[in-house]
Colleague: 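The structure that follows is given in the form of structure tokens.
All values below were derived from every heavy atom in this structure, side-chain atoms included, with hydrogens, water molecules and symmetry-related copies excluded. Throughout, a chain's letter reflects where its sequence line sits, starting with A, and its residues are numbered from 1.
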Amino acid sequence: MSDGIETTWRPRSAWAGIAPVGRHGRPGGEPGLTLTLREEFGLATLIAVKGRTDALRQVMDARFGWSLPDPGGANLTGERGLVWSGPDQWLALFEERREMAGLGQALEGLAAVTDQSDARAIVRVSGPDARAFLAKGLAIDLHPRAFQPGQVAVTALAHMGAQVWQRDAVPTYDLAVARSSTGSVWSWMSHAAAEFGYDVRNAAP
Amino acid sequence: MTTITLRDTASPSGATPATTTGQGFRTATGGMIDRRRPLDFTFDGRRYSGFQGDTLASALLANGVRLVGRSFKYHRPRGILSAGSEEPNALVELRSGARREPNTRATVAELYEGLEASSQNRWPSLKYDALSVNALAAPVFAAGFYYKTFMWPAALWEKLYEPMIRRAAGLGRAAHAPDPDTYDKVFAFCDVLVIGAGPAGLAAALAAGRSGARVILVDEDHRMGGRLLADQREIAGRSGADWAADALAELESMPEVRILPRTTLFGVYDHGAYGAVERVGDHLAVPPAHAPRQRMWRITARQAILAAGAIERPHVFGGNDRPGVMLAGAVRTYLNRYGVLPGRTIAIFTSGDDGWRTMADVVAAGGQVAAVIDSRASVPAELRRAAEEAGAQVICDGYVTGTKGHLGLEAIEVVDTYGSRQTIACDCLAMANGWNPIVHLDSHLSRRPVWDEAIHAFVPGALPSGMVAVGAAGGAFTLASCLETGGRAGAAAASACGFAGAAPETPKTDPESIAHTPLWRVPVSKGKAFVDFQNDVAASDVELAHREGFRAVELLKRYTTLGMATDQGKTSNLAGLGIMAELTGQPVASVGTTMFRPPFTPVAIGAFAGHHRGKDFRATRHVPSHAWCEEQAAVFVETGLWLRPAYFPKPGESDWLETVNREVNTVRAHVGVCDVTTLGKIDIQGRDALALIERVCANPFGTLPVGKARYAVLLREDGFVLDDGTVARLGESHFVMTASTANAAKVMQHLEFCHQWLWPELDVQMVSVSEQWAQYAVAGPRARDTLCGIVDPGFDLSNEAFPFLACADVTVGGGIPARLFRISFSGELAYELAVPAAYGDAAWRAIMAAGSAYGITAYGSEALSVMRIEKGHAAGAEINGQTTARDIGLGGLLAKKKDYIGRLMKERPALVDPDRPILVGFRPVDRSQRLRAGARFLAIDAAPSLAADEGTMTSVAYSPSLGHWIGLGLIRRGPERHGTRVRAYDPVRDGDIEVEICSPVFVDPKEEKLRV
């Protein structure tokens, strides 16, 4: 039974066959939203070893120049940095996976490091209607008085677990969801985004 | 789909015929309609014309259409009573086909080009309704009629009485096709929520908005302004409508103010949460492309200002439901807002000064007022003088006692203070019996309204903190007090949220008088005097309830169905309470009110569902091999949120069993691969990781070396089995635990609870990695050969180097990090290979390619289940929350020298009772017979009874390895009874067969295939 088999070891995007690139929804005019499908990023969970949070903070700062965010915070420079995700837990983000090599060793005895690069799918939501769009699925207040660049929430998007952090005041948000649920996430997104008109793009590698 | 529309051949308009194009009741000028934009519409198939800005009700009235529906029980002709969402009578079916919506209130349905509406609850036509004979049998249909009438014989209830009543007492027909429209949900947050955009609400929103607070202003109307649009009023020297327009313009200029017209705030919930539904596209024939039809708003507000206004009360007298009898405030609305005079000759029946305002507006518009009947003995002279100057007859201390007319009002019967009766010709009667503050919303949190004797109405009682009622909704009926209470509350709410709010100066308004003496019912009238128009509850029904002892308001409501229709008795409740107060001789305050519950007005189920319908009812999770499985036309099965391949049919295979048999046989003889990514995977690290595992698992782990995996069984605190899985030791203090697909989240939650709450002192770091790793079981005699083509060179997979239960970090595909576990669920030589999920698709295809030389098959959850039953492994059907480890044959695994969760509780007497059903295998004595899961075990000669029950068949499969059906089941003292026979009794499917008890391990009991 060799029919239909290829032996390629290329990674498959979490959005492959799900999110078509291009302009969708309300036609005409500037799109209200741009949805950028993030690929190939590195992502790891850091959980501080009991009683070693301060030491972890010092090492992160000294070795990586990253400061450990307070609860609800995200400290990002470009595509790299740390996002709070629970008590004494953070996500470490990297532009590419290979940058993660050696992280576990560097933090030995300070934090448990667990690769989650494939566990989450990330979509970047940007544009003038980004807040109105996300308000349809996130039960949190994204008004600038309540949520700003550098803030993160562990929440639910249309009843699916999600983590969202704001990158800039455009506004731009990164939305991380479970990889296995991207079909349902996209079904919600394409429905919710239609009235604004939206562009779907692949992130430049 | 098509619908059958019953068409009238005659004019449905009742007393006054209308031409198809003439809007004979439209005033020459005035109103807030756009006369340059005529709109055509149909009602019961007949064409009419209205204007942009009309409601269906105002357009029908403009065309002289007064008869719009038939009543619920008696099929009496009914017309338009009100001009708002409280309307009990004018319910129509709007649109057709899949978009047909029943029970739409014509008074709030905005007119659009091509609108199609049909009347409801009539047959064959509105004008000639066959079931109006019900009215002749009215005594039968009095309150509680079906409790009394249809009691005997009971057998006829379902077959005859209920269908008959449902047909006779209908309220429109639902569409029978799927809803073609979409619905949205939105979460919104604000400092100050203002509910209602009449004068009080606008004043509140302005005061709050000017402070910089975040304000949301909602109103159910498409045009904001409330009664300012309906009444001729003056604010600060301008018309009220102009003032409202200016206020809205100012609000629109405020960046932190969100204005939501066409939005009904239907429910108030705990912690400052409010539900509202926005009708985005209901004013159009079809919602705009890419937009939803309706949008459900869940608003969280720190402060809320209820400015929902008030609802006018009808009078209760004989024939008060005849088309043409309307609320006096509604007459003003149609006249001032829509440019429609609802009658050629209008009479006014009032119990307060407000009715006289209607008289003045009608006269000012050039309409004819036949008479003003005021039930009060003393009426201010200037009011009487104005009426007499307009040529209207004035009757004080008098009543309207009856109405005349065929399908619409032609005359009223009046009695004056001396008891002399007269008949006055008119085609419209305006009723003004005072107003009820809308206390529905502030009652949603179980706060009862309180009686205010000064205004003869219920007003909000103690409100939850952060909520205040203003204007008419708070019992402040004058325009000046609306503006004042609204402005003050808006400023106070903003201040409470930390914004410097200042109450604005209340602008000057024209003088008004709201003196009023309520009249709960006309004492001398004859004929059916309706209290609840929509549920056909008359004053006589309230009297009957009183006579029969149903005097408490909640009993009155249920016995008579007063207030239980789709309008929730908005126009009727108080009259019912007032009559009961009279009958029982107590004040209304003592009678009290029934509860108001959400929603304020009906909300489409679709709006609550939003996007979550059909396949989107809940999320679907796809396995990493999903794309390949779809290419292969796999048949999928839903297991929780996961969509798993169940089996992979090949061309020529006739049914699922043939496919599954092939998959099992191929695995047992050659090799197969199965996607087991759905198992829960928990990464556990830390100095105390092993200690945590020891405490949560019932079997010992202290001896588990690095590079080895072990079966794990977890008990609940109460001693029953929670789940089973494996624990692999990847490093000195690094483990990965698997849990079953169904219990993945529950086990993670259990471990988190144990760590965070029971033993926070443990140095453990845990995180779910279920989504990170694609995990594939490669099973069968050629599994090793297949994997040798996958795992990068340099890893020794020989039995000696990598024996049963070994685990290791490996690389695949030229350096991709992976994990290999030699564990088996099928009983074959088997491995589970975990690769990063992004490489899951590639790894799957590589395994299929590498195994093709050995005849590999993909197998799904069906073959997986067959093989585990052949091996006697307990799964969800056995680990069902009611079984102990001993029950499912795992008693021997339990640790004796350590403590763990469930250790003591599993020793409770009932759980160690030797008579408990224990897991064993079953095979049919006649091997050709099929076994059924769920069958009960009985002794061969026992009569079926609960007492004779010995246990249950939990799992069955056709075993291709043995060539017959096999089963697993729990039976009393099972292990002692191998070789004996019992009956598998299955009355649901007419099964009753003899089965033989045997070992649950049907295939390879010595595990010779496993360890090679």
Side-chain angles (χ1 to χ4, degrees), chain A residues 1-14 16-17 25-27 40 45 47-51 87-89 111-120 132 135-143 145-146 158-160 178-185 187-188 191-192 194-197, chain B residues 182 184-189 214 289-292 298 300 611-612 615-616 618-624 627-628 631-632 641-642 650 677 683 685-687 762-767 769-774 812-814 816 836-843 845-846 848-850 852 855-857:
Chain A
M1 84 162 255
S2 57
D3 40 5
I5 291 171
E6 317 161 16
T7 55
T8 54
W9 282 87
R10 286 193 305 271
R12 182 181 168 88
S13 162
R26 175 186 58 78
E40 308 268 318
T45 302
I47 308 176
V49 168
K50 193 173 169 56
D88 284 325
Q89 291 192 24
V113 177
T114 308
D115 187 2
Q116 301 278 22
S117 306
D118 295 301
R120 310 279 187 94
K136 296 185 187 188
L138 296 174
I140 58 172
D141 191 0
L142 294 177
H143 187 277
R145 289 179 190 169
H159 304 297
M160 297 175 277
R179 181 188 190 89
S180 65
S181 305
T182 46
S184 293
V185 168
S187 174
W188 177 86
H191 173 258
E195 67 175 304
F196 306 114
Chain B
T182 62
D184 243 358
K185 288 187 189 183
V186 185
F187 297 92
F189 299 81
R214 293 166 66 191
H290 306 294
R298 185 192 185 283
T300 304
H611 177 63
H612 301 286
K615 285 282 179 200
D616 290 303
R618 58 181 189 174
T620 300
R621 300 175 77 181
H622 286 154
V623 292
W628 186 90
E631 289 164 21
Q632 300 298 309
L641 298 183
W642 288 102
K650 290 268 171 207
T677 304
D683 191 85
Q685 301 186 46
R687 215 179 41 212
L762 293 185
D763 177 18
V764 176
Q765 297 86 45
M766 280 185 296
V767 67
V769 288
S770 300
E771 292 278 344
Q772 168 67 18
W773 298 96
V812 292
I816 299 161
Y839 289 100
D841 181 77
R845 291 172 198 272
M848 291 303 295
S852 63
I856 194 169
T857 184

Colleague: Side chain, backbone, both or neither: which part of S181(A) has a heavy atom under 4.5 Å from chain B?
Modeller: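 Both the backbone and the side chain of S181(A) come within 4.5 Å of chain B.
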Colleague: E771(B) side chain to A178(A) main-chain N or O, any donor-acceptor pair under 3.5 Å?
Modeller: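 Judged by distance alone, no pair lies under 3.5 Å.
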Colleague: Looking at D763(B) and K50(A), would you say the former's side chain and the latter's main chain have a donor-acceptor pair under 3.5 Å?
Modeller: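 Yes, the answer is positive, given that a donor and an acceptor are paired below the 3.5 Å cut-off.
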Colleague: In terms of heavy-atom pairs under 4.5 Å with chain B, which of R120(A), R145(A), Q89(A) leads?
Modeller: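 Among R120(A), R145(A), Q89(A), the one with the most close pairs to chain B is R145(A).
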Colleague: Let's test your reading of the structure: which of A158(A), A14(A), G197(A), A111(A) forms the most heavy-atom pairs below 4.5 Å with chain B?
Modeller: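 Maximum pair count with chain B is reached by A158(A).
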Colleague: Please look at I816(B) and chain A and tell me whether the side chain, the backbone, both or neither of the residue comes under 4.5 angstrom of a heavy atom of that chain.
Modeller: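 Just its side chain gets close to chain A.
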Colleague: Under 3.5 Å, is there a donor-acceptor pair between the side chain of Q116(A) and the main chain of Q772(B)?
Modeller: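 No: the side chain of Q116(A) does not pair with the backbone of Q772(B).
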Colleague: Does H191(A) reach the side chain of D616(B), with side-chain heavy atoms less than 4.5 Å apart?
Modeller: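 No - every pair of side-chain heavy atoms lies 4.5 Å or more apart.
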Colleague: Using non-hydrogen atoms and a 4.5 Å limit, figure out which bit of W642(B) sits close to chain A: side chain, backbone, both or neither.
Modeller: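 The answer is the side chain of W642(B).
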Colleague: Could you check if a side-chain atom of R214(B) sits within less than 4.5 angstrom of a side-chain atom of D141(A), using non-hydrogen atoms only?
Modeller: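 The answer is yes, as the side chains (C-beta and beyond) meet within the 4.5 Å cut-off.
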Colleague: Is there a side-chain contact between P27(A) and H290(B) in this structure, where contact means two heavy atoms from C-beta onward sitting under 4.5 Å apart?
Modeller: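 Counting from C-beta outward, P27(A) and H290(B) do come under 4.5 Å.
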Colleague: If I measure from the heavy atoms of chain B, does L142(A) come under 4.5 Å with its side chain, its backbone, both, or neither?
Modeller: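 Neither part, no heavy atoms under 4.5 Å.
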Colleague: If you take all heavy atoms of A842(B) and W9(A), which pair is closest and at what distance?
Modeller: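 So the minimum-distance heavy-atom pair works out to CB-CA, 3.4 Å.
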